[in-house]
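What follows is a short report on a single structure.
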Amino acid sequence: MGKFSLLLSLSVVGAVTILAFQGNQTSVDTRERQSLRQGKVIARQIARSGYNSVLSEAHKADGPDKEVGQVVSAVDTVQGEYEGGTYKAWLKKISSSAYTAVSVSRFSVADSLVEYRMGGYANNTMKAPTVETPSQLNVTFEQSVAGYCSAVYLKRVKPGTKPENQPDPEMVFPPGKDRNGASASYEKTIEPGTGLNFILAVDKGCDADYPYDFPGDYDHVQRSFKQDVDKLNTMREAPYGMVEETTIGSSDGWRVAFEDQRIHSKNELWDIKENGYPGNNGWRLNNGLRDLEEHGGVPDFNDQVFNVALADPNSGST
């Protein structure tokens, strides 16, 4: 074998070795990211356990003759362990006639400590769903039970970009109803660092016509997050949407739920989001997610519910 052939062969072996290492490193990074994400789901369950525990104590201390301040003072900070982690929960007075619960959990996963805070909606600011690697989206309806028609839009919030230069909302689902199990894909590749703001556009009379002018063709729109004008990377959770991080199959994703009517006050919406349906001791959980159901007379957030799964643009599947 000549020197050139030998060098070429060694170069090929070296290239294969480097590519294999890069592939293995990518797999490790993916496993670590998924492990951390699953840790966040567990941390949320732990925080929910603490949240429900302190609310249980509040209900015991409450009574028709008790003022809010008396109830808050009567309930000590609740601490405990759940699912391998710890929580600390307490009551917070938010007005002369209302209190809420706050719960903070901690859970160790891999070499990281995951902390999750739940409650205190008067100052509720959270990070919107954010894409960490180049991704496409697959959206599947879990529940679509409302009498109204509605469309689903995606508002991409690109990192370091002023609001006036952000992309306009883009349609994922055209107006419709009764779409349980229906799926649609957003096939543009979304760059890492992009925030995702899901929007429900309500068409009460089901009479919006193609090409669907947004928002002009709709009666009203419900956003899952409201962008902070002064802080480009801050998204404030909006009252009409409920977004929860989860895993869909082997993919990272979110469950997005909307209350599509505008007949409830914002305080009512926040109260249900935090405390669950009337008569229940906090939210019941189903696979770590709030268990949504039809509950007349109050915001139930089960009108339009869909799952959003991230897809590798090079794989052709989620």
Side-chain angles (χ1 to χ4, degrees), residues 37 40-41 44 126-131 135-157 167 169-188 190 194-204 206 208 212 214-215 217-226 235 237-262 269 272-273 283-295 299-312 317-318:
R37 190 180 186 87
K40 291 179 181 178
V41 172
R44 185 174 65 224
M126 64 178 293
K127 185 179 179 182
T130 303
V131 172
S135 301
Q136 295 173 344
L137 299 182
N138 186 61
V139 181
T140 303
F141 267 96
E142 181 180 309
Q143 295 183 68
S144 178
V145 299
Y148 298 154
C149 287
S150 58
V152 176
Y153 285 79
L154 170 66
K155 169 71 173 178
R156 290 178 293 136
V157 181
E170 299 165 283
M171 181 180 286
V172 178
F173 267 101
K177 61 180 181 178
D178 301 325
R179 294 178 286 192
N180 289 19
S183 295
S185 296
Y186 179 84
E187 296 182 349
K188 293 182 181 178
I190 303 172
T194 299
L196 307 178
N197 192 1
F198 303 102
I199 303 171
L200 189 75
V202 178
D203 172 22
K204 292 182 178 180
C206 298
Y212 309 117
F214 179 91
D217 281 351
Y218 301 100
D219 294 281
H220 57 262
V221 297
Q222 318 281 55
R223 290 175 170 82
S224 54
F225 291 86
K226 179 181 178 181
M235 300 283 280
E237 186 180 1
Y240 292 96
M242 182 186 292
V243 181
E244 296 176 277
E245 196 173 49
T246 188
T247 300
I248 302 170
S250 60
S251 300
D252 295 342
W254 300 269
R255 188 187 70 172
V256 183
F258 280 101
E259 173 61 40
D260 68 355
Q261 299 189 62
R262 286 206 166 181
L269 293 160
I272 294 296
K273 287 175 72 168
W283 278 102
R284 292 193 297 266
L285 297 182
N286 186 358
N287 293 323
L289 301 174
R290 282 170 277 198
D291 194 9
L292 303 175
E293 61 185 38
E294 188 72 24
H295 214 289
D300 45 32
F301 291 93
N302 77 328
D303 299 325
Q304 304 292 340
V305 185
F306 51 88
N307 294 313
V308 180
L310 297 180
D312 182 344
S317 63
T318 58

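These numbers come from the heavy atoms of this one structure, side chains and all, not from hydrogens, waters or symmetry mates.
With sequence neighbours excluded, no residue forms a salt bridge (charged side-chain N to carboxylate O under 4.0 Å, His left out) with R223. Residues that satisfy the side-chain hydrogen bond (donor to acceptor under 3.5 Å, both in side chains) test with N302, not counting sequence neighbours, are E294. Residues passing the ring pair (Phe, Tyr, Trp, His ring centres under 6.0 Å) test with F214 are Y153, sequence neighbours excluded. Applying the ring pair (Phe, Tyr, Trp, His ring centres under 6.0 Å) test to F198 and every residue at least two apart in sequence or in another chain returns nothing. The salt bridge (charged side-chain N to carboxylate O under 4.0 Å, His left out) search around K204 returns none, not counting sequence neighbours. Taking the ring pair (Phe, Tyr, Trp, His ring centres under 6.0 Å) definition, one finds that Y148 meets it with nothing, sequence neighbours left out. With sequence neighbours excluded, no residue forms a side-chain hydrogen bond (donor to acceptor under 3.5 Å, both in side chains) with Y212. Applying the side-chain hydrogen bond (donor to acceptor under 3.5 Å, both in side chains) test to T247 and every residue at least two apart in sequence or in another chain returns nothing. For K177, the side-chain hydrogen bond (donor to acceptor under 3.5 Å, both in side chains) test picks out no residue, with sequence neighbours left out. Scored by the salt bridge (charged side-chain N to carboxylate O under 4.0 Å, His left out) test, E293 finds R284 as partners (sequence neighbours excluded). Contacts of D252 classified as salt bridge (charged side-chain N to carboxylate O under 4.0 Å, His left out), with partners at least two apart in sequence or in another chain: R33, R37. Here H295 pairs with Y277 under the ring pair (Phe, Tyr, Trp, His ring centres under 6.0 Å) rule; sequence neighbours left out.
Contact between G253 and I248 at its shortest, heavy atoms only, is CA-CD1, 4.3 Å.
Proximity of the aromatic rings of F173 and F306 is defined here by a centroid distance below 6.0 angstrom, and this criterion is not met.
Looking at K155, its side chain never comes within 3.5 Å of a backbone N or O of G195 through a donor-acceptor pair. A distance-only check finds no donor-acceptor pair linking the side chain of D203 to the backbone of P175 [under 3.5 Å]. R44 places a side-chain N or O within 3.5 Å of a backbone atom of E245 that can act as its donor or acceptor partner. For the pair W283 (side chain) and K273 (backbone), a donor-acceptor distance under 3.5 Å is present.
Exactly one of V308, L196, L137, V139 qualifies for a side chain to side chain contact (heavy atoms under 4.5 Å, CB included) with Y186. That residue is L137. With Q222 as the partner, the side chain to side chain donor-acceptor pair (under 3.5 Å) test is satisfied by one option alone out of Q261, E259, R262: R262. Partner of F141 under the side chain to side chain contact (heavy atoms under 4.5 Å, CB included) criterion, out of V152, V305, D178, N180: V152 alone.
V221 places a side-chain heavy atom less than 4.5 Å from the side chain of P215.
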I would like to know whether N138 and S185 meet side-chain hydrogen bond (donor to acceptor under 3.5 Å, both in side chains); could you show each step before the answer? CA-CA 4 Å; N138 186 61; S185 296; 3.1 Å; yes
Show, in sequence, the C-alpha distance, side-chain angles and deciding distance for L154 and I199, and conclude whether the side-chain contact (heavy atoms from CB on, under 4.5 Å) test is met. CA-CA 6 Å; L154 170 66; I199 303 171; over 6 Å; no
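The pair R290-E244 counts as a salt bridge, with a side-chain nitrogen and a carboxylate oxygen less than 4.0 angstrom apart.
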